[in-house]
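The structure under discussion appears below in the form of structure tokens.
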Amino acid sequence: MKKITTLLAALLICNGLMAGKVKTIIVADTRSNLRCGIQTNVAFTYTVLEVVAAQLEMVENFEPPILLDEFRCNKDELQRQLSGFSCTPEDVVLFFYFGHGARSTDDKSLFPQMQLKDEAGNFTSDTHVPLEDVKDILVKKGAKFVFVFGDCCNSEASWLRPKTSSLVAASDGNSEFTPDPRLQRMLRQLFIDNQGSIMTTGSQVGTPSYYIGPESEGGNCTSNHFGMYTNAFWSTLLINEDANLTWEKWLSTASQLTQKLAQERSKNTLKQKPIYQIDTKPAAPAPTPTPKPTTPPVTPKQEPVPPKQEERVKTKQEETAPTPQEKQEHKIDHSLQKLLVAIASDRNSYEYRERTAKSVLKEVFAPKARVEVIAQNGRTIVESETAADFLERISLAERLRNISIRQQEVDSNGRTTYLLVHEVYEKKQ
Amino acid sequence: MYLAICGCLIAVVLTSATCKSFDPGARKEKQKPVKVTRSAIQPDSAVVERLGDTVCSLMFNPRAANLYLVNPLERPADHNFTIGGYKVEQHVATLQPDYLSTLLFLMADSASYNDSPMIPAVAFMPEVALEIPGKDETLSVIFSFISQQMAIVRNGAVQKTIRYNNTRLFLLFFNNILHNDLYNKQLNTPGK
């Protein structure tokens with residue numbers, strides 16, 4: 001973990017980057033049959049970025065990433081996010097897609113279409129979004145450097161029509177961090193001294209990408225489940241010792257590693273060869289970076305993360321025409337909401353749910369915190385319990401599909417003392 | 001003298017009868033080759049365990065089967081024109097048991113089912129459906145070639161989804177009827 005931190009911290013702390021922001025969007029279809037591998041992919045990407053951010057003094061530069069998973073992983077939501085997405089010529093944008101993919105037989109692009117659904121959860125040809133469209137949109141937004149990564153199939157489908165359309169939240173940190181100048185140089189060369197775009201995806205035209213998942217559908221998820229390409233991609237960076245690593249070398253090594261992994265895991269019966277397209281040129285000399293403030297790092301107490309996340313949630317609420325009750329919300333921790341949904345999801349293993357629940361209870365809630373559950377009418381309290389009881393109950397729940405936080409109160413230490421939530425259950429068939 | 005002659009004749013007759021019983025021609029008459037029909041294609045025990053007795057009984061004793069093209073992207077509310085919820089686009093053919101037996105040969109082998117943890121990252125998108133009418137119940141099996149999965153449909157709903165091996169053979173079986181350009185390309189066959 002230390003090495004991951006060091007690498008990515010060096011990646012993100014480079015001087016030239018300080019003028020712009022690092023913005024990340026992760027779209028993860030955690031409701032698909034690949035959920036186990038995707039959860040690991042997201043965790044790998046998300047956790048690393050979060051840990052790195054916590055290690056850095058980059059509150060101003062590192063924007064909370066946008067994670068579109070579970071029910072938010074749909075085309076409409078992605079379009080909303082991209083429409084409202086803005087960046088400056090100094091920004092770096094990272095886009096990751098983990099999920100199903102396919103291509104039309106008439107697609108000109110080498111890259112697949114993401115198999116997204118509509119808000120009702122249905123596939124149509126129109127809900128498929130080419131990965132290349134995302135790159136084009138992000139490039140048009142004017143970011144200095146755009147990186148688009150897909151870990152999905154690129155297999156051909158005759159029924160698919162050809163098409164020519166939230167970054168993970170990171171917390172600020174105040175830990176001691178001493179960047180490695182060698183790594184800084186390498187990562188600067190990769191991310192800062194380049195401008196343009198890079199696209200990559202897990203497989204060649206007409207071929208599948210593979211995820212390692214449980215042997216039976218509905219099996220328990222473990223960290224041994226992952227997307228082959230995502231795993232190879234990050235691993236290549238982590239094990240790299242070449243101070244002159246280039247994108248070409250990184251992606252070519254990751255591609256070779258993926259091919260090797262696929263052959264080994266399938267006993268030479270399956271092939272998977274990732275592809276990439278590098279369209280970059282040396283960046284124009286960066287303006288002299290603003291000297292870093294010499295003031296001590298901001299501590300979480302002085303500038304806690306939740307308010308930043310709150311702003312993002314509020315923006316979304318405005319977009320989706322909130323009810324008067326929702327308008328009164330404040331201090332809603334969106335990442336807590338995601339964690340609660342993960343704990344409640346019976347698609348996750350009980351082991352994972354229990355472990356996460358314990359961790360949330362310990363890290364997020366104050367000792368005597370209470371949780372109240374509100375009925376659909378928005379007024380009736382149907383349950384009032386301790387946070388411990390609440391977390392235990394939802395970690396064992398079945399068909400509990402969503403939990404939305406309607407009200408949250410925190411103490412001076414940033415710990416949650418009260419939650420008002422609404423639970424949405426799936427009806428029995 | 002007369003007695004001696006009779007004795008010799010009896011001995012000759014007995015010897016002849018004994019020799020005849022060892023005649024290879026006589027053995028062939030007794031062990032005629034059995035006539036093997038499609039009913040000999042029956043699932044192994046692992047397949048029965050995987051699919052269940054009822055599904056196996058319906059699947060491996062077909063009188064005929066209907067082959068349909070289904071639309072993976074359309075799931076209309078009107079269930080009269082759907083199989084497993086997917087819109088039926090076209091009734092392509094009625095398959096007689098002798099043609100069907102090729103598919104059943106694959107389906108009867110437990111090695112045709114994929115338990116590998118390597119899962120293709122593409123959604124279940126069925127393109128063909130096979131409807132096997134039985135006495136009391138109709139069984140349907142829908143195939144998603146792109147994700148290498150089949151789904152067992154009973155009472156109008158998908159009962160279970162199964163990943164399969166032998167992807168080329170399954171595709172070839174259907175493409176002999178469909179003559180689809182994309183399948184030709186995937187099979188690397190020139191088509192007909």
Side-chain angles (χ1 to χ4, degrees), chain A residues 29 32-38 97-105 112 115-117 122-128 150-161 201-203 206-217 219 224-225 227-229 261-262 265-267 269-270 272 429, chain B residues 49-50 69-77 85-87 89-90 111 113-128 144-152 155-168 171 174-175 178-188:
Chain A
D29 190 0
S32 72
N33 63 331
L34 307 171
R35 65 191 166 84
C36 292
I38 289 174
Y97 173 66
F98 307 124
H100 291 147
R103 62 184 295 106
S104 151
T105 49
Q115 289 193 291
L116 298 173
K117 296 175 182 171
N122 299 316
F123 278 118
T124 67
S125 189
D126 288 339
T127 59
H128 286 66
D151 196 351
C152 61
C153 275
N154 203 358
S155 306
E156 286 179 314
S158 52
W159 36 262
L160 190 55
R161 288 202 304 274
T201 194
S203 51
T207 62
S209 293
Y210 291 96
Y211 276 65
I212 302 292
E215 291 189 359
S216 59
E217 284 195 21
N224 292 327
H225 302 142
M228 304 287 278
Y229 186 41
L261 274 172
R265 298 299 289 250
S266 71
K267 296 174 184 157
T269 57
L270 300 173
Q272 178 182 348
Q429 295 294 324
Chain B
E49 192 180 332
R50 183 188 290 271
L69 286 181
V70 294
N71 188 326
L73 298 174
E74 285 194 41
R75 311 195 70 177
Y86 296 93
K87 183 184 174 191
E89 294 284 5
Q90 188 188 340
Y113 302 91
N114 186 345
D115 284 324
S116 156
M118 292 188 69
I119 309 167
V122 62
F124 179 75
M125 291 283 169
E127 292 166 69
V128 301
S144 165
F145 303 124
I146 194 168
S147 63
Q148 299 157 19
Q149 287 173 300
M150 65 176 88
I152 305 293
N155 302 319
V158 171
Q159 192 185 51
K160 64 171 80 173
T161 311
I162 303 163
R163 281 183 290 131
Y164 60 80
N165 286 323
N166 296 328
T167 51
R168 180 182 171 81
L171 189 56
F174 290 105
N175 200 39
L178 300 171
H179 310 302
N180 177 300
D181 287 343
L182 175 61
Y183 302 159
N184 285 335
K185 185 178 156 189
Q186 289 170 345
L187 290 163
N188 199 19

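Nothing here was measured: the structure is a model prediction, and the numbers come from that model. Side chains are part of it too, since the values below use all heavy atoms of this structure and drop only hydrogens, waters and symmetry mates.
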Which one of Pro208(A), Ser209(A), Cys153(A) satisfies the side chain to side chain contact (heavy atoms under 4.5 Å, CB included) criterion with Gln272(A)?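 Of Pro208(A), Ser209(A), Cys153(A), side chain to side chain contact (heavy atoms under 4.5 Å, CB included) with Gln272(A) is met by Ser209(A) alone.
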About how many Å separate [atom2] of [Y] and [atom1] of [X], when rounded to the nearest 0.5 Å?
| X | Y | atom1 | atom2 | answer |
| --- | --- | --- | --- | --- |
| Asn165(B) | Thr269(A) | CG | OG1 | 8.0 Å |
| Thr161(B) | Phe124(B) | OG1 | CZ | 5.5 Å |
| His128(A) | Leu73(B) | NE2 | CG | 6.0 Å |

Report the option among Lys185(B), Gln186(B), Lys160(B) that has the most heavy-atom pairs separated by less than 4.5 Å from atoms of chain A.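 Max contact count across the listed options: Lys185(B).
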What I'd like to find out is whether the side chain of Asn122(A) reaches to under 4.5 Å of the side chain of Thr127(A), using heavy atoms alone.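 SC-SC contact between Asn122(A) and Thr127(A) ruled out.
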Contact class of [X] relative to chain A, heavy atoms under 4.5 angstrom:
| X | value |
| --- | --- |
| Glu74(B) | neither |
| Pro72(B) | side chain |
| Ile119(B) | both |

Pi-cation contact, Tyr113(B) with Arg163(B) (under 6.0 Å, within 45°):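 No, cation not above the ring by the 6.0 Å, 45° rule.
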At a 4.5 Å cut-off on heavy atoms, which part of [X] comes close to chain B: side chain, backbone, both, or neither?
| X | answer |
| --- | --- |
| Ile38(A) | neither |
| Gln115(A) | side chain |
| Thr105(A) | side chain |
| Leu34(A) | side chain |

Parallel, tilted or perpendicular for Phe145(B) and Phe174(B), by the 30°/60° rule?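 Phe145(B) and Phe174(B): tilted rings.
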For the interface with chain B, which of Ala102(A), Cys36(A), Gly101(A), Gly227(A) has the highest count of heavy-atom pairs at distances below 4.5 Å?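 The answer is Gly101(A).
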